[in-house]
Amino acid sequence: MNMASGLMKIGFAAFTFTFSLSVFAVNPAEIKKGEYLARVGDCISCHTAPHGKAFAGGLPMLTPVGAIYTTNITPDAETGIGKYTESDFAKALRRGVAKDGHHLYPAMPYPSYAKVSDADIHTLYVYFMHGVKPVRQANRANEIPWPLNYRFPLAIWNSLFLDKHGYQADASKDASWNRGAYLVQGLGHCGACHTPRGFAYQEKGLTHASDQFLSGETLEGWSATNLRGDHNTGLGRWSEADILVYLKSGANQHSSAFGTMTTVINNSTEGMTIQDLTGIASYLKTIKGTNDKGQTTYKYNSGATLAQFKSLTTYPGARLYQQYCAACHGQEGKGVAPYLSPLAGNPAVMDPDPSSLINVILNGSPQLKPQGVAAPFNMPKFRHTLNDTEVAQLVSFMQSAWNHNLKPTSAKAVADIRKLPASAYE
């Protein structure tokens, strides 16, 4: 054997040893745990385009400055995050800074992910590098006009609004509550949708210490409901068991998921453990309400509503409800929970912002699929059946029906929602 061939064999042996070491160094159990954490974070819903490949990006997210397209987070070396080190990965998740140094837009919920522990970041990194199939798919350019597309102001944004401290456990609470708080504030990033945004698109609160945290916000034409303890518009009438059932199945005695929340149920919470969902419910039930101040505590009353059904020519909203809604939701507005959502007392119906009601009437809702099994009933779309005035009359009827006593909705509000793209999740 000559020296050259000897070196080749030594090199090949070294390569084999290194390759084997890298394979056996990855614990399958850790990949499985990382997959679970990615489910908790609902990464797939945002980073997968309709009919696209998992985690390959391309989903449009509407913001006040234009459409932002989610990125490829598969381990492809050229178009994904395959060249990211664990430090790069952590910096992107918790600081909003990509490997090449450019700042991410806060549509990526890194202000929430800043609270994720080092251990969970490591486990997520292992999963995305070794448990996700690489996809060669270039990222789409964002549709943000000049000069708003400059990224350097985001460094200033971070200095003003990014809290870099990880989750701080509350010693006065038990382990389940703290687990729930950690998930809601951090990896679950519930505040990214359910907390009002300020003038610079910052969340007005990142923990329950703020009375704005989880008090509801409107994004992409959907009103993400209040998750605080308000009696009328929040979770004040829900028990911990109600919250757990809703997160596990998408429906309970009070409401059912629709719109973009449907994908959260299908891709995230329905696959979470009972222990984690119990912790989330425990935490949410301790957040005091703030939005119902000055409002009369809701009590069901169908008398005036049922009277309208006797004079349908006088009440066009009642006529439209009778024609398009009553068969499923009932004249009493109580539906057939959990299969057909109740409308009377439903926090989504009692939300002063009618965006979700308008949107779900126009565009319907993606189908709930708890445990992979499609729900037996699904909200149809009436975009091509009802005009703006009719939708406004129908929404206004539901806002006043069964003792809700909310202000009516205008046809202009309907027209504004109709102009938006139909749900990207369909």
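- Remark: the backbone N or O of Asp120 is not paired with any side-chain donor or acceptor of His122 at under 3.5 angstrom.
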request  = Decide yes or no on side-chain contact (heavy atoms from CB on, under 4.5 Å) for Tyr105 and Met61, but give the supporting numbers first.
outcome  = CA-CA 11 Å; Tyr105 292 105; Met61 305 187 78; over 6 Å; no
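- Among residues at least two apart or in separate chains, there is no salt bridge (charged side-chain N to carboxylate O under 4.0 Å, His left out) pair with a member in residues 327-349.
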task = Would you please test Glu35 and Lys32 for salt bridge (Lys or Arg N to Asp or Glu O under 4.0 Å) and show each step?
result = CA-CA 5 Å; Glu35 181 181 16; Lys32 193 70 175 177; 3.7 Å; yes
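- Annotation: Lys33, atom NZ; neighbour count of heavy atoms from other residues, nucleotides and ligands within 6.0 Å does not exceed 12.
- Between the Trp402 side chain and the Gln331 main chain, a donor and an acceptor come within less than 3.5 Å of each other.
- The shortest distance between side-chain heavy atoms of Pro106 and Tyr201 falls below 4.5 Å.
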request  = Would you check, one step at a time, whether the test side-chain contact (heavy atoms from CB on, under 4.5 Å) holds for Leu183 with Val40?
outcome  = CA-CA 8 Å; Leu183 294 175; Val40 172; 3.8 Å; yes
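- Atom NZ of Lys204 has more than 12 neighbouring heavy atoms from other residues, nucleotides or ligands inside a 6.0 Å radius.
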message = Please determine whether side-chain hydrogen bond (donor to acceptor under 3.5 Å, both in side chains) holds for the pair Thr225 and Asp351, giving the CA-CA distance in whole Å, both sets of side-chain angles, and the decisive distance to 0.1 Å.
response = CA-CA 7 Å; Thr225 54; Asp351 190 335; over 6 Å; no
message = Run the side-chain hydrogen bond (donor to acceptor under 3.5 Å, both in side chains) test on Asn267 and Ser45 for me, step by step, so that the C-alpha distance in whole Å, both residues' side-chain angles and the decisive distance to 0.1 Å come before the verdict.
response = CA-CA 7 Å; Asn267 296 330; Ser45 288; 2.7 Å; yes
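- Side-chain contact between Cys193 and Trp222: absent, with no pair of heavy atoms (C-beta onward) separated by less than 4.5 Å.
- Closest approach of Ala392 to Ala411, counting heavy atoms only: CB-N, 3.7 Å.
- Distance alone, capped at 3.5 Å, places no donor-acceptor pair between the Glu240 side chain and the Ala281 backbone.
- Take Glu217 and apply the salt bridge (Lys or Arg N to Asp or Glu O under 4.0 Å) test, not counting sequence neighbours, and it matches no residue.
- When all heavy atoms are compared, the tightest approach of Arg179 to Asp276 is NE-OD1, 2.8 Å.
- Using the six-membered ring where Trp is involved, Phe89 and Phe128 have ring planes that are tilted, between 30° and 60° apart.
- Looking at Lys407 and Asn405, their side chains never come closer than 4.5 Å, going by heavy atoms from C-beta outward.
- A distance-only check finds no donor-acceptor pair linking the side chain of Asn178 to the backbone of Ala169 [under 3.5 Å].
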request  = Begin from the C-alpha positions of Asn226 and Leu214 and carry the test side-chain contact (heavy atoms from CB on, under 4.5 Å) through to its verdict.
outcome  = CA-CA 6 Å; Asn226 178 3; Leu214 301 181; 5.6 Å; no
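- Within a 6.0 Å sphere centred on NZ of Lys91, other residues, nucleotides and ligands contribute 12 heavy atoms or fewer.
- For residues 232-252, the set of pairs meeting the ring pair (Phe, Tyr, Trp, His ring centres under 6.0 Å) definition, not counting sequence neighbours, comprises Trp238-Tyr246, Trp238-His254.
- Using cut-offs of 30° and 60° for the angle between ring planes, the Tyr127 and Phe55 rings count as perpendicular.
- Residue Trp177 is tested with Asp170, Thr278, Thr286 for a side-chain hydrogen bond (donor to acceptor under 3.5 Å, both in side chains); the sole match is Thr286.
- Within the structure, salt bridge (charged side-chain N to carboxylate O under 4.0 Å, His left out) pairs that include any residue of residues 92-109 comprise Asp88-Lys99, Arg94-Asp118 (at least two apart or interchain).
- For Tyr283 and His208, the ring centers sit closer than 6.0 Å to each other.
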task = Please test Met398 against Ile361 for side-chain contact (heavy atoms from CB on, under 4.5 Å), starting from the C-alpha separation and ending with a verdict.
result = CA-CA 12 Å; Met398 288 188 280; Ile361 291 171; 3.7 Å; yes
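- Under the salt bridge (charged side-chain N to carboxylate O under 4.0 Å, His left out) criterion, the residue pairs touching residues 260-271 are Arg39-Glu270, with sequence neighbours excluded.
- Between the side chain of Asp242 and the backbone N or O of Ser239 there is at least one donor-acceptor pair closer than 3.5 Å.
- Within the 3.5 Å criterion, the main-chain N or O of Gly58 finds no donor-acceptor partner in the side chain of Arg140.
- A distance-only check finds no donor-acceptor pair linking the side chain of Ser396 to the backbone of Gln393 [under 3.5 Å].
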request  = In sequence, state the C-alpha distance, the side-chain angles, and the governing distance for His231 and Tyr298, and then conclude on ring-ring contact (aromatic ring centres under 6.0 Å, His included).
outcome  = CA-CA 7 Å; His231 184 273; Tyr298 174 72; 7.4 Å; no
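- Under a 3.5 Å cut-off, the side chain of Gln367 and the backbone N or O of Ala375 do form a donor-acceptor pair.
- In this structure a side-chain-to-backbone donor-acceptor pair under 3.5 Å is present from Gln168 to Gly166.
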request  = List the steps and the verdict of side-chain hydrogen bond (donor to acceptor under 3.5 Å, both in side chains) for Thr409 and Gln399.
outcome  = CA-CA 8 Å; Thr409 292; Gln399 288 179 308; 2.8 Å; yes
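- Identified under the ring pair (Phe, Tyr, Trp, His ring centres under 6.0 Å) test for residues 324-359, with sequence neighbours left out: Tyr324-Phe382.
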request  = Check the pair Thr218 / Asp353 against side-chain hydrogen bond (donor to acceptor under 3.5 Å, both in side chains), numbers first and verdict last.
outcome  = CA-CA 8 Å; Thr218 299; Asp353 182 346; 2.3 Å; yes
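- No donor-acceptor pair closer than 3.5 Å links the side chain of Ser400 to the backbone N or O of Leu406.
- Separation of the His189 and Tyr113 ring centroids falls under the 6.0 Å cut-off.
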